[in-house]
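To start, the structure itself, in structure tokens.
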Amino acid sequence: MDHDLCKLNLIFPVAAEDQILDFLLDSQPTLPGFTSLRVEGHGAEFENASPLEMVRGRIERRLVFMILDRARLHSLVAELRERIAVPHLVYWVEPVESFGLFR
């Protein structure tokens, strides 16, 4: 297991998508890559939900995840916290047991 690798997950409101993606694309040193998805949140934080989201019981969100080394993770999260003012941005980190690429 490579103890230096982890998976960073970011969930945020749709309105912040361009701001977050631009931040990640411009980040230095360059990130190894990331994946972004459209997702729906269930549970709390419905005060800014649209009427349709209130009826459906879920809020549209965006998810970005990436695999990176732990040292880069800490600097990236600190920079994100300092430079990006996105309310309701949630993040968590998961260990990565193995990572590879088939070519």
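Computed from a prediction, not measured in an experiment: that's the story for all the values here.
The hydrophobic side chain of Val14 is isolated, with no ILVMFWY side chain under 4.5 Å apart from it. Residues Leu8, Leu10, Phe12, Leu21, Phe23, Leu24, Leu25, Leu31, Phe34, Val64, Met66, Leu68, Leu73, Leu76, Val77, Leu80, Ile84, Val86, Leu89, Tyr91, Val93 make up the rest of the hydrophobic cluster containing Ile20, defined by ILVMFWY side-chain heavy atoms closer than 4.5 Å, directly or through other members.
A pairwise comparison of heavy atoms in Ala85 and Gln19 identifies N-NE2, 4.2 Å as the closest pair.
In this structure, the side-chain hydrogen bond (donor to acceptor under 3.5 Å, both in side chains) partners of Glu79, at least two apart in sequence or on a different chain, are Arg83. Under the side chain to side chain contact (heavy atoms under 4.5 Å, CB included) criterion, Val39 pairs with Ile11, Leu37, Arg61, Leu63, sequence neighbours left out. Residues passing the salt bridge (Lys or Arg N to Asp or Glu O under 4.0 Å) test with Arg62, sequence neighbours excluded: Glu17, Glu60. With sequence neighbours excluded, the residues satisfying side-chain hydrogen bond (donor to acceptor under 3.5 Å, both in side chains) with Ser75 are Arg72.
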